[in-house]
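Side-chain atoms are counted along with the backbone in the values below, which use heavy atoms only and exclude waters and symmetry mates.
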Amino acid sequence: MNRLRELRKERGLKISELSNELNLAGADAVGKYERGEREPNIHILIALANYFNVSIDYLVGRSDVR
């Protein structure tokens, strides 16, 4: 998920910091999402979209409108 990486870097967050902000179980969960090693479930997608104030469609690359 390239958009996740872009949004995280725009905020100046490390992978572990974003994982902590969202209370994700694994400290490297965000890194695995960014590398495509793991897919976030719908609850995590919603949390990410809310955190970055973007749509899920933008987050997963289906739209260019944030």
**Prompt:** Quick one: does NZ or CZ of Arg11 land under 6.0 Å from the six-membered ring centre of Tyr51, within 45 degrees of the ring axis?
**Reply:** yes

Taking the basic N atoms (NZ, or NE/NH1/NH2) and the acidic carboxylate oxygens, is any pair closer than 4.0 Å for [X] and [Y]?
{"X": "Arg3", "Y": "Asp64", "result": "yes"}
{"X": "Glu17", "Y": "Arg8", "result": "no"}
{"X": "Asp28", "Y": "Arg35", "result": "yes"}

Nearest heavy-atom pair of [X] and [Y]: which atoms, and what distance?
{"X": "Ile56", "Y": "Ala49", "result": "CG1-CB, 3.8 Å"}
{"X": "Phe52", "Y": "Leu7", "result": "CE2-O, 3.5 Å"}
{"X": "Ser19", "Y": "Val30", "result": "OG-CG2, 3.3 Å"}

**Message:** Rounded to the nearest 0.5 Å, what separates atom CG in Leu18 from atom NZ in Lys9?
**Reply:** 13.0 Å

**Asked** Measuring from Tyr33:OH to Leu45:CG, what's the distance to the nearest 0.5 Å?
**Response** 8.5 Å

**Message:** Let's go through Arg5 and Glu34 carefully: what are the C-alpha distance in whole Å and the side-chain angles of both, what is the deciding distance for side chain to side chain contact (heavy atoms under 4.5 Å, CB included) to 0.1 Å, and is it a yes or a no?
**Reply:** CA-CA 6 Å; Arg5 179 179 293 123; Glu34 289 182 0; 3.6 Å; yes

**Prompt:** Would the number of heavy atoms belonging to other residues, nucleotides or ligands and lying under 6.0 Å from CG of Asn53 be above 12?
**Reply:**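 Check fails, neighbour count at 12 or below.
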
**Asked** Per the side-chain contact (heavy atoms from CB on, under 4.5 Å) rule, which among Ile42, Leu48, Ile46 passes with Ile44?
**Response**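 So, applying the side-chain contact (heavy atoms from CB on, under 4.5 Å) to Ile44 and each of Ile42, Leu48, Ile46, only Leu48 qualifies.
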
**Message:** Test of understanding: with salt bridge (charged side-chain N to carboxylate O under 4.0 Å, His left out), list the residues that count as partners of Arg66, not counting sequence neighbours.
**Reply:**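 Checked Arg66 against salt bridge (charged side-chain N to carboxylate O under 4.0 Å, His left out); matches are Glu10.
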
**Request:** Taking the side chain as every heavy atom from C-beta outward, state whether Ser55 and Arg62 have any pair of such atoms under 4.5 Å apart.
**Result:** no

